[in-house]
Amino acid sequence: MNNFSPNMLKTFKSCPIKYNFKYIKKISIPQKASTFEKGKKIHALANYYLRGDNIDKLEKALTSEEKQIWTNLKNNEYFSKSYVNSEYNISCKTGNYWIGGRLDALMKDEKFYYILDYKTGTIPKNPEYDFQTMVYLLSASKIYGSNLKFVYIDLKNNQNYIINFDENKQEEYQKAITEICTQIENAMLPEETEHFKACEFCEYKKICI
Ligand code: SF4
């Protein structure tokens, strides 16, 4: 049985054909290294740092832009809370489906647990109902209870976007996730599709119908 990640749900929502290429046929298209390089580097650095590894050499190798982003993260109030885990795989069952993903970090203080998500690009347009928010909050709440917050750390603009776990929203989150998982399971892929704006930026456009 599939363990649905937020990326799988987002990809299906944006284009079922892309989902088919990526997760059913498992076709991977190489992308420009620069697109993800900065984000990957900062995520790796943050993980080593939180685990207590020596990162002196890695810090010296950062470009000035990366250094600024890294400084923003190191000085972030949520990143400075007590460490629980990082690059942390977490999952739970919702309806008939397993959902889960990898948290950038989980921190805590006397009152709350904080799911951290570092963004070197933009934060989601509707963060409360983003699949990542819903999947991570539901999964973490099963282990850590409801004193939980999701913190998107926008490293470019050096600001945080915080979502409190709300027990009243649990059902709504579960419904939204179960619906999309059911759609994925029952998906009938169209023979042909109209190409729309997202196609312009899609890595599969060269092989797409
Ligand atoms: S090119 Fe367009 S239709 Fe084809 S997979 Fe990408 S987004 Fe979907």
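For reference, positions follow the sequence shown, starting with 1.
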* Asked: Where do His43 and Asp104 land on the side chain to side chain contact (heavy atoms under 4.5 Å, CB included) test, with the steps shown first?
  -> CA-CA 7 Å; His43 279 74; Asp104 287 347; 3.1 Å; yes
* Check against side chain to side chain contact (heavy atoms under 4.5 Å, CB included), Leu58 and Asp56 -> CA-CA 6 Å; Leu58 293 171; Asp56 292 353; over 6 Å; no
* To do: Taking only Lys NZ, Arg NE, NH1 and NH2, and the carboxylate oxygens of Asp or Glu, determine whether Lys169 and Glu128 approach each other closer than 4.0 Å.
  => no
* Can Lys10 and Asp130 be counted as an ion pair, charged N to O under 4.0 angstrom? -> yes
* Asked: Linking I/L/V/M/F/W/Y whenever their side-chain heavy atoms sit closer than 4.5 Å, directly or via other members, would Ile143 and Leu116 fall into one cluster?
  -> no
* Asked: Considering residues, nucleotides and ligands other than Lys13, do more than 12 of their heavy atoms fall under 6.0 Å from its NZ?
  -> no
* Structure fact -> The reported gap from SG in Cys181 to CE in Met8 (rounded to nearest 0.5 angstrom) is 8.5 Å
* State, with a plain yes or no, whether a side-chain heavy atom of Leu103 is found less than 4.5 Å away from one of Asp117. => no
* Do the ring planes of Trp70 and Tyr49 sit parallel (below 30°), tilted (30 to 60°) or perpendicular (above 60°)? -> perpendicular
* Structure fact -> Between Leu50 and Ser86, the two heavy atoms sitting closest are CD1-CB, 4.1 Å
* To do: May I ask you to decide if the ring planes of Tyr144 and Tyr88 are parallel, tilted or perpendicular, using 30° and 60° as cut-offs?
  => perpendicular
* Asked: For the atom pair CG (Leu138) and OG1 (Thr94), what is the distance rounded to the nearest 0.5 Å?
  -> 5.5 Å
* Identify whether the distance between the nearest side-chain nitrogen and carboxylate oxygen of Asp109 and Lys111 falls below 4.0 Å. => no
* Asked: Are the side chain of Asn186 and the backbone of Thr182 linked by a donor-acceptor contact shorter than 3.5 Å?
  -> yes
* Residue pair Met107 / Tyr83, side-chain heavy-atom distance below 4.5 Å -> yes
* Asked: Do Lys149 and Tyr113 come within less than 4.5 Å of each other through their side chains, counting heavy atoms only?
  -> no
* Do the side chains of Ile42 and Tyr161 join up, straight or via other hydrophobic residues, at under 4.5 Å, putting them in one cluster? -> no
* Evaluate side chain to side chain contact (heavy atoms under 4.5 Å, CB included) for Tyr78 paired with Ile162, printing each intermediate quantity in order. => CA-CA 10 Å; Tyr78 294 98; Ile162 300 154; 3.1 Å; yes
* Is the closest side-chain heavy-atom distance between Phe21 and Lys26 below 4.5 Å? -> no
* Structure fact -> Nearest heavy-atom approach of Ile90 to Ala140 is CD1-CA, 3.6 Å
* Quick one: side-chain contact (heavy atoms from CB on, under 4.5 Å) partners of Ser146, sequence neighbours excluded? -> Phe165, Glu167
* Asked: Roughly how far, to the nearest 0.5 Å, is the CZ atom of Phe12 from the CD1 atom of Ile184?
  -> 5.5 Å
* To do: Measure the shortest side-chain to side-chain distance between Cys208 and Ile17 over non-hydrogen atoms and say whether it is less than 4.5 angstrom.
  => yes
* Gap separating the CZ atom of Phe4 from the OG1 atom of Thr178, nearest 0.5 angstrom -> 10.5 Å
* Look at Glu66 together with Lys41 and state whether they make a salt bridge at an N to O cut-off of under 4.0 Å. => yes
* Asked: Do you know which two heavy atoms are closest between Phe150 and Thr133, and how far apart they sit?
  -> CE1-CA, 3.7 Å
* Dump the intermediate steps for side chain to side chain contact (heavy atoms under 4.5 Å, CB included) on Lys25 and Asn20, then the final yes or no. => CA-CA 6 Å; Lys25 293 186 173 160; Asn20 190 44; 3.7 Å; yes
* Asked: Do you know which two heavy atoms are closest between Asn3 and Gly100, and how far apart they sit?
  -> OD1-N, 3.3 Å
* Asked: Does some side-chain heavy atom of Asp154 sit less than 4.5 Å from a side-chain heavy atom of Tyr152?
  -> no
* Structure fact -> Between Glu200 and Lys205 the two heavy atoms that sit nearest each other are O-NZ, 2.8 Å
* **Qualifying residues under salt bridge (charged side-chain N to carboxylate O under 4.0 Å, His left out), relative to Lys175, sequence neighbours excluded** => Glu179
* **Within 45° cone and under 6.0 Å: Lys18 NZ/CZ vs Tyr204 ring** => no
* **Rounded distance [0.5 Å steps], CD1 in Ile115 versus CG in Asn85** => 12.0 Å
* **Exam field: side chain Asp166 to backbone Asn168, donor-acceptor pair closer than 3.5 Å** => yes
* Is the side chain of Ser14 donor-acceptor paired with the backbone N or O of Thr11 at a distance under 3.5 Å, no angle test? -> yes
* Shared ILVMFWY cluster between Ile123 and Ile153, side chains joined below 4.5 angstrom? -> no
* Structure fact -> Looking only at heavy atoms, the pair that brings Lys108 and Lys81 closest together is O-CB, 3.6 Å
* Separation of Phe112 CZ from Asn147 CG (nearest 0.5 Å) -> 5.5 Å
* 4.5 Å side-chain heavy-atom contact, Phe131 and Ile180 -> yes
* Heavy-atom check, side chain of Ile99 versus side chain of Cys92, under 4.5 Å -> yes
* Structure fact -> side-chain contact (heavy atoms from CB on, under 4.5 Å) test vs Tyr114 passes for just one of Leu106, Val84, Val151, Leu148, namely Val151
* Asked: With a 4.0 Å cut-off, would you call Glu65 and Lys156 a salt bridge?
  -> no
